[in-house]
Peer 1: 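Here it is: the structure, laid out below.
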Amino acid sequence: MNPPTLVLGVIGMDVHAVGNKILEYSFTNAGFKVVNLGVMVTQEEFIHAAIETNAKAIIVSSLYGHGELDCRGLREKCVEMGIGDILLYVGGNLVVGKTGFAEVEKTFKNMGFDRVYPPGTPPETAIDDLRCDLGLNNRPDKGGETGGNCKKPAAFGTRV
Amino acid sequence: MNPPTLVLGVIGMDVHAVGNKILEYSFTNAGFKVVNLGVMVTQEEFIHAAIETNAKAIIVSSLYGHGELDCRGLREKCVEMGIGDILLYVGGNLVVGKTGFAEVEKTFKNMGFDRVYPPGTPPETAIDDLRCDLGLNNRPDKGGETGGNCKKPAAFGTRV
Amino acid sequence: METVKNQRLSEQEFETIRHEVLNQWPTGREVDFQEAVEYQKSLPKKKVFTEAINRALQRGETLIQPRAGTALVEEQIKLLKYLETEGEADLLPTTVDSYTRQNRYKEAETGIEESKKTGRSLLNGFPIVNHGIKNTRKVTEAVNLPIQVRHGTPDARLLAEIALASGFTAFEGGGISYNIPYTKNISLADSIRYWQYVDRLTGIYEENGIAINREPFGPLTGTLVPPSLSHAVAVIESLLAAEQGVKNISVGYGQSGCLIQDIAAVQTLAQLTQEYLTEYGYGDVTVSTVFHQWMGGFPADEAKAFAVISWGAVAAAFSGATKVIVKTPHEAFGVPTGEANAAGLKATRQTLNMLREQSFPQSKELKEEKEVILEETKSILERVITLGRGDWAAGTVAAFAAGVLDIPFAPSRFNRGKVMPVRDNNGAVRFLDPGNLPLSRDILDFHREKLAARAKEEKREVGFQMMIDDIYAVSKGMLVGRPR
Amino acid sequence: METVKNQRLSEQEFETIRHEVLNQWPTGREVDFQEAVEYQKSLPKKKVFTEAINRALQRGETLIQPRAGTALVEEQIKLLKYLETEGEADLLPTTVDSYTRQNRYKEAETGIEESKKTGRSLLNGFPIVNHGIKNTRKVTEAVNLPIQVRHGTPDARLLAEIALASGFTAFEGGGISYNIPYTKNISLADSIRYWQYVDRLTGIYEENGIAINREPFGPLTGTLVPPSLSHAVAVIESLLAAEQGVKNISVGYGQSGCLIQDIAAVQTLAQLTQEYLTEYGYGDVTVSTVFHQWMGGFPADEAKAFAVISWGAVAAAFSGATKVIVKTPHEAFGVPTGEANAAGLKATRQTLNMLREQSFPQSKELKEEKEVILEETKSILERVITLGRGDWAAGTVAAFAAGVLDIPFAPSRFNRGKVMPVRDNNGAVRFLDPGNLPLSRDILDFHREKLAARAKEEKREVGFQMMIDDIYAVSKGMLVGRPR
Ligand code: B12
Ligand code: B12
């Protein structure tokens with residue numbers, strides 16, 4: 001079985017590039033095929049890349065605080081474009097300011113994201129969740145028995 | 001007129017000596033006659049000194065946190081000993097921990113203290129208040145017209 | 001390759017562009033240059049940035065400045081006033097939101113609307129262009145300190161026009177430092193041209209008797225940038241600015257966390273900038289320095305963040321920087337509240353004050369570190385000017401294309417991205433991969449030896465993983481990313 | 001003059017006193033020494049203080065330790081566990097309340113009752129004697145780290161008996177350092193005798209195979225104490241302790257805030273203590289150092305307090321102290337909450353970690369500062385041993401009487417109180433008035449010159465007001481108390 005493809009990128013006018021480079025490295029190391037669109041990615045670019053590469057998930061980063069404005073409508077556009085049931089993950093510093101995460105999570109879940117991560121979530125958390133959500137064993141590139149327990153997204157403020 | 005006498009000391013088992021030395025210096029400079037009993041002063045010692053020197057006020061410091069236990073009953077003992085209407089001021093770090101000052105003030109006022117000061121109150125504040133409470137002008141040792149407006153004790157956390 | 005020359009814009013060139021720029025958004029039409037000059041002239045001295053900087057330079061003091069920007073006028077005023085009084089700031093900022101930075105004024109407008117609707121700022125900064133001169137003056141007028149625009153805008157021409165006319169007396173940025181770390185697709189030639197306009201505008205203000213402080217953005221990507229790289233950029237941007245008539249420049253540097261390297265960096269930065277400016281005929285420019293407290297990932301814990309902030313203040317004090325840009329205990333999470341922002345300022349102030357009468361000895365190690373930085377920066381600059389055949393602007397474009405200038409972790413397509421940094425065994429930032437940087441063999445050996453010492457200590461290869469560990473290190477409570 | 005000899009207590013002397021001591025309060029009868037030794041032997045290594053200290057010494061690491069004490073057993077357990085996990089402490093304390101410190105166990109009992117009644121601690125520490133061994137073991141057993149008693153008790157004989165039997169593996173204090181700053185009317189001869197008992201008890205534990213760390217209280221009054229004065233006391237208390245059989249000593253010093261002076265102080269402290277111990281035949285004692293973050297008045301503002309804490313951590317790291325005692329952002333107000341206490345620890349940890357691979361150069365200024373401290377301390381110690389005709393205990397009593405040892409701001413009647421400190425123009429603590437200290441003319445000139453430089457800078461006389469300004473300075477956001 002081919003490793004599942006992920007589309008990765010930093011949405012909107014956001015240029016925070018460091019975390020994006022590390023996510024690419026970590027997801028690749030974990031056995032995924034990563035299509036990294038880098039920073040300043042529009043919703044349309046995410047969706048086109050996902051369609052083109054037949055991706056299983058879109059991993060959106062937003063660090064700069066405009067995540068709420070930038071992410072609205074992404075799920076709807078996916079539906080329109082015929083990939084309505086693709087996994088949507090989002091993480092980073094999603095809103096402006098230091099706020100309780102519960103509310104942030106609700107906002108983004110309501111927008112149609114499957115998983116929403118608080119600031120500083122290590123890539124490993126998302127990797128575990130992907131394996132679970134995609135029904136994979138530990139090395140998705142090494143053949144795909146279902147494994148692992150599905151865990152809830154980490155609590156607010158969890159750090160490596 | 002002779003300058004009014006103040007009895008000064010740090011109550012209980014408290015040995016914080018630095019503030020006490022500065023208070024002595026400041027009150028003396030402001031023109032008061034200061035009887036400084038130093039640290040580790042009992043209620044009885046305060047009262048005896050006040051009677052002996054015909055003091056107008058007892059200035060109690062408590063820094064180490066046991067102020068609440070140490071100061072109880074001081075006013076009652078003053079009454080017993082016949083100096084029931086002497087001015088009682090108290091200041092320092094009166095209780096254990098960083099707490100709202102309003103409550104602390106209430107506790108000590110209920111014990112019969114005329115003025116209660118939050119941590120870090122500069123000596124000048126008490127000097128102004130003494131002049132007001134004793135009806136003195138700016139230099140009590142230079143003769144005694146009534147002067148100055150009586151101010152309320154400083155708000156919590158006021159620092160020099 | 002597209003190119004650009006380091007040449008003062010003629011009046012005609014400038015006016016042609018100006019016409020276009022002022023029409024990019026309706027508020028551009030509020031700009032009346034003569035009125036703006038009069039307005040600037042009417043500002044009291046205490047609100048003029050260069051006055052504060054020059055006084056600090058004279059007295060050898062270090063000033064403190066926060067970052068702060070929020071969507072709406074009233075909120076911005078409240079925030080700045082709080083930082084002025086409770087925060088005891090010396091200099092104030094207005095940080096501009098990320099839509100404005102990419103000239104997306106429509107999105108900024110949405111952000112303003114939504115912020116009004118929800119009662120909280122949905123923008124990460126203050127959209128100066130959208131608010132326009134009349135409203136922005138309300139902000140600059142509400143405070144009693146010099147105030148600067150801080151942003152990250154590759155094309156800041158309209159922003160500069162409106163900001164300077166609004167009473168800001170300092171303007172951050174530059175054609176390299178506000179392109180390479182801050183955007184993806186804008187060519188360097190373009191952004192340099194945009195910034196020649198901003199610098200020329202500044203020059204015209206200067207010629208009209210209005211001193212404006214200009215500050216190239218020192219930290220670049222804020223992440224393990226070796227000092228010689230950011231120094232090279234700072235020197236070039238200073239030269240480009242001076243050519244357009246800029247007279248007051250603050251060059252910046254982002255803390256590495258290695259005290260000796262930081263002191264060496266600030267001290268060489270001032271020296272190099274002054275040297276090159278003088279050599280190239282701009283000896284009349286006043287140079288000061290800016291130290292940025294740690295610009296990489298912060299610890300989530302606020303007490304730990306205070307430690308990082310205070311350590312930054314120590315380095316600022318010992319290095320003798322003219323001002324320090326202050327972080328906050330909320331850094332790892334989001335744009336800080338006024339309280340968190342003031343807290344960062346107060347911790348910094350306390351540290352600076354306690355260190356005011358203290359100094360760091362000019363030791364052997366410090367001298368060596370300075371020599372390394374000087375030599376590296378000069379090697380790079382020499383190659384840049386060679387590539388440009390004597391022209392700093394053209395040379396810069398060519399140098400980035402060739403990887404002679406190459407900023408780690410930068411998002412720009414116009415940056416080669418071959419250079420990789422890593423810390424040595426004492427925490428100083430070295431080159432893991434020097435890419436195409438024109439460094440001498442001695443220098444390369446120096447870096448290699450330093451890294452070999454770390455590899456030995458950690459019993460592992462120097463490599464990519466080490467760099468990743470270093471990226472995370474400060475946020476995880478260390479300086480050097482040791483293996484677990 | 002009452003006198004005391006530096007001589008090991010005989011078994012008989014010790015047992016006679018012990019009988020009396022254990023009857024001072026009912027819980028004394030819980031002490032069964034053999035059982036206590038077995039109990040101590042059963043402790044895992046990770047809970048033995050000397051193990052942690054020795055490991056830190058070997059690795060050149062700096063450990064962190066808070067202060068913490070509250071009235072009740074359950075609360076104390078909760079507090080310490082929190083400092084262990086959230087605070088990431090290396091070493092734990094139990095700070096004893098001020099009634100116990102003055103052997104006022106009845107008042108302590110009232111404090112316990114009232115604390116139970118009101119649901120908040122009315123005591124500023126944990127009353128070990130009143131709680132007794134059974135209850136106190138609940139505390140030491142609840143934690144996974146070495147734990148020390150920190151107090152300020154002139155007569156700590158009963159406290160030591162109960163504490164060591166309760167599983168504490170380290171005990172702070174000494175006959176001088178827990179008298180002069182901590183009480184008013186107890187003679188030095190008495191307190192030295194009391195502490196000979198504590199040290200002998202420690203020695204007996206050592207002879208039974210139980211290593212116990214002893215720590216003279218370095219900072220004394222915590223307020224502008226010149227290093228040579230606290231060093232002299234530390235050396236003497238080490239000698240007195242060693243005579244009674246103590247084998248593990250941590251000598252301490254309270255931060256001055258002047259980095260060079262602080263580094264010089266810690267480094268000379270270890271050197272001097274080791275030298276004197278060896279010279280007087282106690283070469284087998286293991287010596288480590290303790291650095292106390294700023295012990296004087298703190299700023300009320302928590303952000304500023306964090307800066308003071310972090311600056312203390314910097315000095316601890318650069319001086320290479322074996323452990324650092326950590327302050328909290330609540331310092332100016334009151335006994336800290338667990339959260340505030342952990343915050344101090346975390347800020348300190350972050351700083352220490354970031355500085356782990358960095359060092360401060362052995363500069364000319366540092367060497368000079370060290371020489372001054374060495375010379376001053378040696379002059380004082382020489383006079384002490386002369387006054388004691390070869391006996392450190394008798395010499396100490398005589399020296400305090402003569403003002404040859406004289407601690408600024410101490411409340412004790414047995415302290416002359418003639419010496420006054422003040423900062424010089426670089427923030428180092430100097431002698432404003434050397435009182436009767438036996439300092440050489442060169443040294444006195446050195447101090448005078450240093451102060452003259454400050455007077456000139458401030459255009460005012462060196463004097464009492466300068467000292468008062470210095471006492472307030474840190475709490476007002478500076479190091480040196482400049483005139484307004
Ligand atoms: C370095 C940095 C910069 C550099 C970026 C250089 C570059 N081009 O990459 C510079 C200096 C240029 C910069 C600029 C700005 N920045 Co910035 N920056 C930072 C900083 C200090 C570190 C970011 C970083 O590199 N961290 C290291 C990496 C490894 O961690 P990371 O980015 O957090 O990414 C990890 C996790 O978030 C997670 N993650 C990310 N996405 C996802 C997705 C999923 C699904 C999962 C599971 C995990 C995950 O995994 C990543 C790898 O471990 C952060 C604050 C902080 N974290 O300390 C602010 C921060 C992100 N910046 C911020 C802001 C506001 C800006 C600016 C607008 C300027 C300003 N107002 O001050 C501009 C924005 C420009 C733009 N258009 O985007 C804010 C965002 C505020 C908010 N959300 O409320 C922050 C939080 C600082 C703050 N507290 O104000 N910044
Ligand atoms: C120095 C110091 C010590 C020194 C004292 C040396 C000595 N003998 O003088 C040493 C190290 C020995 C010490 C010991 C202890 N200390 Co202590 N100490 C301090 C510290 C750091 C500074 C005090 C000081 O000298 N300040 C400088 C002077 C100028 O200011 P001041 O003392 O506040 O006095 C001024 C004002 O309070 C005011 N004032 C005082 N009285 C009055 C009265 C009136 C009417 C007015 C108007 C004003 C006023 O005017 C003074 C002059 O400006 C304070 C914390 C702080 N403030 O930062 C803790 C502090 C006072 N200590 C404290 C404690 C608990 C102790 C100990 C019990 C040890 C412990 N558990 O850690 C022992 C107590 C011993 C005892 N039996 O008393 C606590 C008290 C806690 C509380 N109230 O909740 C404090 C607040 C620290 C803390 N946050 O935990 N301490």
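Per chain, numbering begins at 1; letters A, B, ... match sequence-line order. Values below: all heavy atoms of this structure, side chains included; hydrogens, waters and symmetry mates excluded.
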Peer 1: Is the side chain of C/Asn124 donor-acceptor paired with the backbone N or O of A/His66 at a distance under 3.5 Å, no angle test?
Peer 2: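 Side chain of C/Asn124 to backbone of A/His66, a donor-acceptor pair under 3.5 Å: no, none is there.
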
Peer 1: Side chain from CB out, backbone as N, CA, C, O: work out which of these in C/Pro181 comes under 4.5 Å of a heavy atom of chain A, or both, or neither.
Peer 2: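 C/Pro181 touches chain A through backbone heavy atoms alone.
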
Peer 1: Tell me, please, which residues at least two apart from C/Phe431 pass ring-ring contact (aromatic ring centres under 6.0 Å, His included).
Peer 2: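 ring-ring contact (aromatic ring centres under 6.0 Å, His included) check on C/Phe431 returns C/His447.
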
Peer 1: Are any of the side-chain heavy atoms of A/Met13 and C/Arg101 separated by less than 4.5 Å?
Peer 2: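 Side chain of A/Met13 against side chain of C/Arg101, heavy atoms only: no contact under 4.5 Å found.
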
Peer 1: Does any part of the side chain of A/Val15, heavy atoms only, come nearer than 4.5 Å to the side chain of C/Gln102, both counted from C-beta?
Peer 2: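 In short, these two side chains touch, coming nearer than 4.5 Å.
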
Peer 1: Counting heavy-atom pairs closer than 4.5 Å to chain A, which one of C/Thr221, C/Thr183, C/Thr337 comes out on top?
Peer 2: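 When all of C/Thr221, C/Thr183, C/Thr337 are compared, C/Thr183 has the most.
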
Peer 1: Counting a contact as any heavy-atom pair under 4.5 Å apart, which residues of residues 109-118 of chain C contact chain A?
Peer 2: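 Only C/Gly111, C/Glu114 of residues 109-118 of chain C have a heavy atom under 4.5 Å from chain A.
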
Peer 1: Take atom CZ in A/Arg72; do more than 12 heavy atoms of anything else shown fall under 6.0 Å from it?
Peer 2: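 Yes, because the 6.0 Å sphere around CZ of A/Arg72 holds more than 12 heavy atoms from other groups.
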
Peer 1: Tell me, for C/Ala340 versus chain A, whether the close heavy atoms (under 4.5 Å) come from the side chain, the backbone, both or neither.
Peer 2: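 Contact with chain A involves no heavy atom of C/Ala340 at all.
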
Peer 1: Closest heavy-atom contact between A/Pro119 and C/Ala332?
Peer 2: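 Taking every non-hydrogen atom into account, CB-O, 3.9 Å.
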
Peer 1: Does any donor atom in the side chain of A/Asp70 or C/Tyr99 lie under 3.5 Å from an acceptor atom in the other side chain?
Peer 2: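 A pair is found: one side chain offers a donor N or O, the other an acceptor, under 3.5 Å apart.
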
Peer 1: My understanding is that only residues two or more places apart in sequence, or in another chain, count here; which of them pass side-chain contact (heavy atoms from CB on, under 4.5 Å) with C/Asp469?
Peer 2: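 By the side-chain contact (heavy atoms from CB on, under 4.5 Å) rule, C/Asp469 matches C/Arg460, C/Gln465.
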
Peer 1: What option among C/Ala410, C/Pro408, C/Gly334, C/Gly222 has the most heavy-atom pairs under 4.5 Å with chain A?
Peer 2: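 Sorted descending by pairs with chain A, the first entry is C/Gly334.
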
Peer 1: How about C/Tyr472 and A/Ile22: do any of their side-chain heavy atoms sit closer than 4.5 Å?
Peer 2: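 They are in side-chain contact.
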
Peer 1: Measure the OG-CE distance between C/Ser412 and A/Met40 for me, rounded to the nearest 0.5 Å.
Peer 2: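 If I round to the nearest 0.5 Å, the distance is 10.5 Å.
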
Peer 1: At a 4.5 Å cut-off on heavy atoms, which part of C/Leu123 comes close to chain A: side chain, backbone, both, or neither?
Peer 2: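 Both backbone and side chain.
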
Peer 1: Under 3.5 Å, side chain of C/Lys184 to main-chain N/O of A/Val39, donor-acceptor pair present?
Peer 2: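 A pair under 3.5 Å: yes.
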
Peer 1: Would you check if C/Leu122 and A/Glu68 make a side-chain contact, meaning some heavy-atom pair closer than 4.5 Å?
Peer 2: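 They are in contact (side-chain heavy atoms under 4.5 Å apart), so the answer is yes.
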
Peer 1: Below 4.5 Å from any heavy atom of chain A, which atoms of C/Thr223 appear? Answer side chain, backbone, both or neither.
Peer 2: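 Only the side chain of C/Thr223 comes within 4.5 Å of chain A.
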
Peer 1: Who are the ring-ring contact (aromatic ring centres under 6.0 Å, His included) partners of C/Phe409, not counting sequence neighbours?
Peer 2: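 Listed in chain order: nothing, the list is empty.
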
Peer 1: Step through the shown structure and confirm whether more than 12 heavy atoms of other residues, nucleotides or ligands are within 6.0 Å of NZ on A/Lys77.
Peer 2: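 Enclosed: over 12 neighbouring heavy atoms sit under 6.0 Å from NZ of A/Lys77.
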
Peer 1: Side chain, backbone, both or neither: which part of C/Arg120 has an atom under 4.5 Å from a heavy atom of chain A?
Peer 2: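 Side chain only.
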
